[in-house]
Amino acid sequence: KNQVEQSPQSLIILEGKNCTLQCNYTVSPFSNLRWYKQDTGRGPVSLTIMTFSENTKSNGRYTATLDADTKQSSLHITASQLSDSASYICVVTIYTGGFKTIFGAGTRLFVKA
Amino acid sequence: DAGVTQSPTHLIKTRGQQVTLRCSPKSGHDTVSWYQQALGQGPQFIFQYYEEEERQRGNFPDRFSGHQFPNYSSELNVNALLLGDSALYLCASSLARDRTYEQYFGPGTRLTVT
């Protein structure tokens with residue numbers, strides 16, 4: 001069964017600290033993996049995208065890694081800001097004659113002053 | 001260049017009623033997907049429309065139906081509403097020929113069923 005699992009479910013950190021969110025997937029055939037940021041009550045916004053051959057992708061203070069062998073990805077946030085408080089969702093795209101996206105449940109990040 | 005827009009923003013309905021949600025895709029996009037997101041959960045795929053036809057469907061009952069118009073905009077209809085249908089409904093648009101399948105999401109419609 002195609003699944004995307006994220007951990008932790010929620011996380012509280014102090015402003016200025018770093019954090020790492022995890023994503024494990026059991027999907028195939030893998031096409032790409034995206035991390036989205038979703039503010040409360042809003043639609044998700046793409047942060048990074050990685051294909052099978054990419055190991056690392058950065059977008060400002062966000063750095064995503066991908067290990068296609070172990071089917072694991074992480075999202076590292078550096079020098080967190082209050083505005084980083086949001087849900088971070090890992091999404092894997094597969095292609096089976098048509099594209100299909102499988103969403104993780106997300107990690108809820110709270111950044112405190 | 002307008003992004004994905006959805007209407008209405010919020011909606012309150014009673015059990016058993018019917019509801020229609022609307023979505024306008026990002027300019028230039030031809031594919032629209034609908035998702036249901038319960039509180040604290042990731043989005044669940046409902047269905048996808050391309051060339052005015054349903055191309056893929058997730059595990060949702062027939063009470064959920066949709067339509068895509070020639071201008072690529074789309075509607076999601078839900079009949080015989082249940083309390084469990086309360087959720088944020090997200091519309092995402094994409095370009096069929098985009099091999100990365102990048103989706104742009106709208107702000108969502110918050111549906112409350114009482």
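On a predicted model such as this, the values are computed, not experimentally measured, just so you know. So that the names make sense, note that chain A is the first sequence line, chain B the second, and so on, each numbered from 1.
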Spatial distance of atom CD1 (A:Ile49) from atom OH (B:Tyr101) [nearest 0.5 Å]: 12.0 Å
Atom pair OG (A:Ser46) and OH (B:Tyr104), whose distance is rounded to the nearest 0.5 Å: 7.5 Å
Residue B:Arg57 excluded, over 12 heavy atoms near CZ under 6.0 Å: yes
A:Gln6, part contacting chain B, at a heavy-atom distance under 4.5 Å: neither
B:Phe69, CZ atom: more than 12 neighbouring heavy atoms under 6.0 Å: yes
Contact leader toward chain A among B:Gly58, B:Gly42, B:Pro43, B:Gly40, where contacts are heavy-atom pairs under 4.5 Å: B:Pro43
Pick from A:Arg34, A:Arg108, A:Lys100 with the largest number of heavy-atom pairs that fall under 4.5 Å of chain B: A:Arg34
Atom pair OG1/CZ of B:Thr31 and A:Phe99 - distance to nearest 0.5 Å: 10.5 Å
Test: B:Arg99 cationic atom under 6.0 Å from A:Tyr95 six-membered ring centre, within 45° of axis: yes
B:Gln37 versus chain A, the contacting section by heavy-atom distance below 4.5 Å: side chain
Atom pair CD (B:Glu102) and CG (A:Asn32), whose distance is rounded to the nearest 0.5 Å: 9.5 Å
Distance (rounded to the nearest 0.5 Å) between A:Arg42 CZ and B:Leu90 CG: 11.0 Å
Cluster overlap B:Leu76 with B:Tyr49, hydrophobic side-chain contacts below 4.5 Å: yes
Engaged part of B:Tyr35 at the chain A interface, taking heavy atoms whose separation is under 4.5 Å: side chain
hydrophobic_cluster_shared for B:Val78 and B:Trp34, side chain cutoff 4.5 Å: yes
ILVMFWY cluster, A:Leu21 and A:Ile13 together (side-chain gap under 4.5 Å): yes
Within the 6.0 Å centroid threshold, strictly below: B:Phe45 and A:Phe103: no
Verdict with reasoning, A:Gln38 to B:Leu88, per side chain to side chain contact (heavy atoms under 4.5 Å, CB included): CA-CA 12 Å; A:Gln38 184 176 23; B:Leu88 180 68; 4.0 Å; yes
Same apolar cluster (I L V M F W Y, side chains within < 4.5 Å links), B:Val113/B:Leu82: no
Greater than 12 external heavy atoms within 6.0 Å of B:Asn59's CG: no
ILVMFWY cluster, A:Val45 and B:Tyr89 together (side-chain gap under 4.5 Å): no
Atom CD of B:Gln44: over 12 foreign heavy atoms under 6.0 Å: no
